[in-house]
Undergrad: 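I have a structure here, written as structure tokens, and I will follow up with some questions on it.
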Amino acid sequence: MTPAALSPFLSFPQALRAAGLPASPEQTVSFLAAVGLLGPRGIADIRRAAHAVYGPGPDRRETFDAVFDLVFMGRSLAAPAEGTPEDMPQARDAEGFDLMPEAEEEEPSGAEATAAERLFQRRFDAGDEDAMLRTFARALPAALPRRRARRMAPGKGRLPDARRAFRHMMRRDGEITRLPTRRRRMRQRRVLFLIDVSGSMKTGTEGALKLAHALVQGGERVEAFTLGTRLTRVTRALRHRDRTQALALASGLVADWDGGTRLGEALAVFLSVPRFASFARGALVVVVSDGLERGGPEALVSAMVRLRGLAWSVLWLSPLAADPAYRPETGAMQAILPLLDRLGDGSEPPAIAREILHFAKGARA
Amino acid sequence: MAVRRSILGIDGPEPLARAMRDAQYIADEGLSTAAYLALALGKPLLLEGAPGVGKTEAAKALASVLGRELVRLQCYEGIDSAAALYEWNFPRQMLAIRQAGEEYVNLYADTFLVARPLLLALQAPRDRVLLIDEIDRADHEFEAFLLEFLSDFTISIPERGTIRAEEPPVVILTSNRTRELHEALRRRCVYHWIGYPAPALEAEIVMMRAASVARDTADRVVAAVNGLRAEPLAKPPGVAETVEWAEAATLLHSQGVAWPRAFLRSIGVALKDQDDLEWVAPRLEALLGGQAA
């Protein structure tokens, strides 16, 4: 290949990195080798080679293709926001309400656009609950529920440890003086944190997201989603160590702040994506919501039955439950109450933190 | 990097796709390109996709194309190196010590070594294809351990020394994406995302896998299955379910059940979840309607 023909191949990894996609020198070498192997007879071959070697996951495919078009075809395309649309089924409710992220659809009307603008620009500022969040994150590893893992570790157990027993024997001329044993290790259960971001929860969502950040940072295997008129996975954004940055990223992903509540449908979408549903298997599921469902309760109830079937425990934290006189009287809450392991106080971040820490400890005892 | 343009006479994606078709697997251009590049560049092939799109089948087809034995390592949470690499047969070793008495006995001879899939693949890279199935089920530690294995293709056994493959073995990894894989692992692999096949292709797969099914039936089943996949189901039907549904409906039809009924009665082959069945029940006739004449 002439140096001039080579140049897009060399600028491609740089462009990928600039777009936030990983590209290592090793992959670039493979890419050149792959293009050599395929011929290539057309741009499609080069694209296929790029897909195979750089391996963008389906959620990054669009960004990747945009960079590819820019470098190899001189076509400039706006890189779409990251999401996970690949395994989202097309779910619509009776009124044709779209539960999917509705990127490149028709332009929103004036009022909607202004609302959207305001929602996107919602900012989170660091409050004085810093200390509380830090304490929460630190307390998590000890407090979160655990289960027996399949893997074994040396320790006082019932199962003989043949490997160590054999080593002992070798040292003592074939005699075994004591039988080493092993036992099952303990692993932290997955935690699934579902935050209702509808209008009625407006005052609580910021605190809940901060707690979700502390959870993702302090616990192992934590998944966080927001539910409103649609479902948004925010785990990846919350993995950023810096809280302000993480929350800004998360708030950029969530497009339905303070919208209506369609918990049932959003949960149904969650459960219909196998990848997401598997997050709930054997997990401690924490829902922060007032359960004020706009539609009928049927969708919410059937989704909760399925969620209950997957989860280890379901903890529902409602801001309304802070009032000792609160009795769940809406149809939806009444129906799902028997499915919950606990209906707790979700009014303030410290209360939510207490509920999570306390619930897990209580359940373990 | 050692590049081999031709592997057993296969010198491009198209010949490979043809060979896979002979092995009863229809690969689209993306898959045949990725698989060919993996073989030619000597890198592992990472296949991702929803459950039931035929990732494991693709591995089996590749092994059959290469005429090699498929060694499968099924991953699970808590899988450790003993299950993946090797284990000493302790009872046999103990017995050997007893029987040997005063004589010397080599306790670390081959007879006491129980080779597990990774070691099996290293011992005979020309005769075996290694399938590391559902890597997303294993935990991060195991993934990190695999990383080392996949870059050097060596295993060190303290009592025996290091075993190195004469050539990099053909390795295929599959993942259902229940969790994200580490970037470093992706980087070492050639990657392909397998989606649900396009309707025409899926109908072709049905015809190939189930000889008794008529073209017309295959088309109807595929159309209905695509309708089902668009619904928010807990367990959307995979390609295997499509094939089974077509087969089951054909069987019922041959026993005298009329067409739309044959599909409806055999729905349990495609949907295996009570909630899904309930959800779909009112819509099912419509999904099959028109074409289910």
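What you see is a predicted model; the values in this text were computed from it and never measured. Just so we're on the same page: letters track the sequence lines, and every chain starts at 1.
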Undergrad: With a distance cut-off below 6.0 Å to the six-membered ring centre and an angular limit of 45° from the axis, does R229(B) pair with Y196(B) as a cation-pi contact?
TA: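 Yes, R229(B) and Y196(B) form such a contact.
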Undergrad: With a 4.5 angstrom heavy-atom cut-off, could you sort out which part of R185(A) is near chain B: side chain, backbone, both or neither?
TA: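 Neither part; nothing is under 4.5 Å.
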Undergrad: Give me the ring orientation class for F149(B) and F153(B): parallel if the planes are under 30° apart, tilted from 30 to 60°, perpendicular past 60°.
TA: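 Plane angle over 60°, so perpendicular.
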Undergrad: Any donor-acceptor pair under 3.5 Å linking the side-chain atoms of T181(A) with those of D161(A)?
TA: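 No - no donor-acceptor pair under 3.5 Å links their side chains.
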Undergrad: By a 4.5 Å heavy-atom criterion (distance strictly below it), what part of A277(A) contacts chain B: side chain, backbone, both, or neither?
TA: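 Neither part; nothing is under 4.5 Å.
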Undergrad: Name the orientation class of the two ring planes belonging to F12(A) and F72(A) (parallel below 30°, tilted from 30 to 60°, perpendicular beyond 60°).
TA: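 Plane angle over 60°, so perpendicular.
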Undergrad: Which bit of E14(B) is near chain A, if near means a heavy-atom gap under 4.5 Å: side chain, backbone, both or neither?
TA: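 The answer is the side chain of E14(B).
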Undergrad: Is the cationic atom of R92(B) (NZ for Lys, CZ for Arg) positioned less than 6.0 Å from the six-membered ring centroid of W88(B) and within 45 degrees of its normal?
TA: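 Geometry flag: not set, cation outside 6.0 Å or 45°.
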Undergrad: Looking at M94(B), E48(B), H192(B), which one has more heavy-atom pairs under 4.5 Å with chain A than the rest?
TA: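 Maximum pair count with chain A is reached by M94(B).
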Undergrad: Name the region of L45(B), side chain, backbone, both or neither, that has any atom closer than 4.5 Å to a heavy atom of chain A.
TA: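 Neither part.
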Undergrad: Side chain, backbone, both or neither: which part of L37(A) has a heavy atom under 4.5 Å from chain B?
TA: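 It is both, since atoms from each part get that close.
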Undergrad: Let me see the working for Q27(A) and S24(A) under side-chain hydrogen bond (donor to acceptor under 3.5 Å, both in side chains), right down to the final yes or no.
TA: CA-CA 5 Å; Q27(A) 282 170 309; S24(A) 69; 3.3 Å; yes
Undergrad: Could you tell me which portion of Q274(B) (side chain, backbone, both or neither) has an atom closer than 4.5 angstrom to a non-hydrogen atom of chain A?
TA: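 For Q274(B), neither part sits under 4.5 Å from chain A.
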Undergrad: Is Y54(A) close to chain B through its backbone or its side chain, or both, or neither, when contacts mean heavy atoms under 4.5 Å?
TA: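 No part of Y54(A) comes within 4.5 Å of chain B.
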Undergrad: Using a cut-off of under 4.5 Å for heavy-atom pairs, which of P56(A), A49(A), A165(A) has the most such pairs with chain B?
TA: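 Greatest number of close heavy-atom pairs with chain B: P56(A).
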Undergrad: Would you call the rings of H51(A) and F64(A) parallel, tilted or perpendicular, where under 30° means parallel and over 60° means perpendicular?
TA: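 Tilted: the ring planes of H51(A) and F64(A) meet at 30° to 60°.
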Undergrad: Picking from G57(A), A23(A), A162(A), S278(A), which has the most non-hydrogen pairs under 4.5 angstrom with chain B?
TA: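 Most heavy-atom pairs under 4.5 Å with chain B: A162(A).
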Undergrad: Please classify the contact of E278(B) with chain A as side chain, backbone, both or neither, using a heavy-atom distance under 4.5 Å.
TA: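 Contact with chain A involves no heavy atom of E278(B) at all.
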Undergrad: Run the side-chain hydrogen bond (donor to acceptor under 3.5 Å, both in side chains) test on E134(B) and S175(B) for me, step by step, so that the C-alpha distance in whole Å, both residues' side-chain angles and the decisive distance to 0.1 Å come before the verdict.
TA: CA-CA 5 Å; E134(B) 304 195 338; S175(B) 155; over 6 Å; no
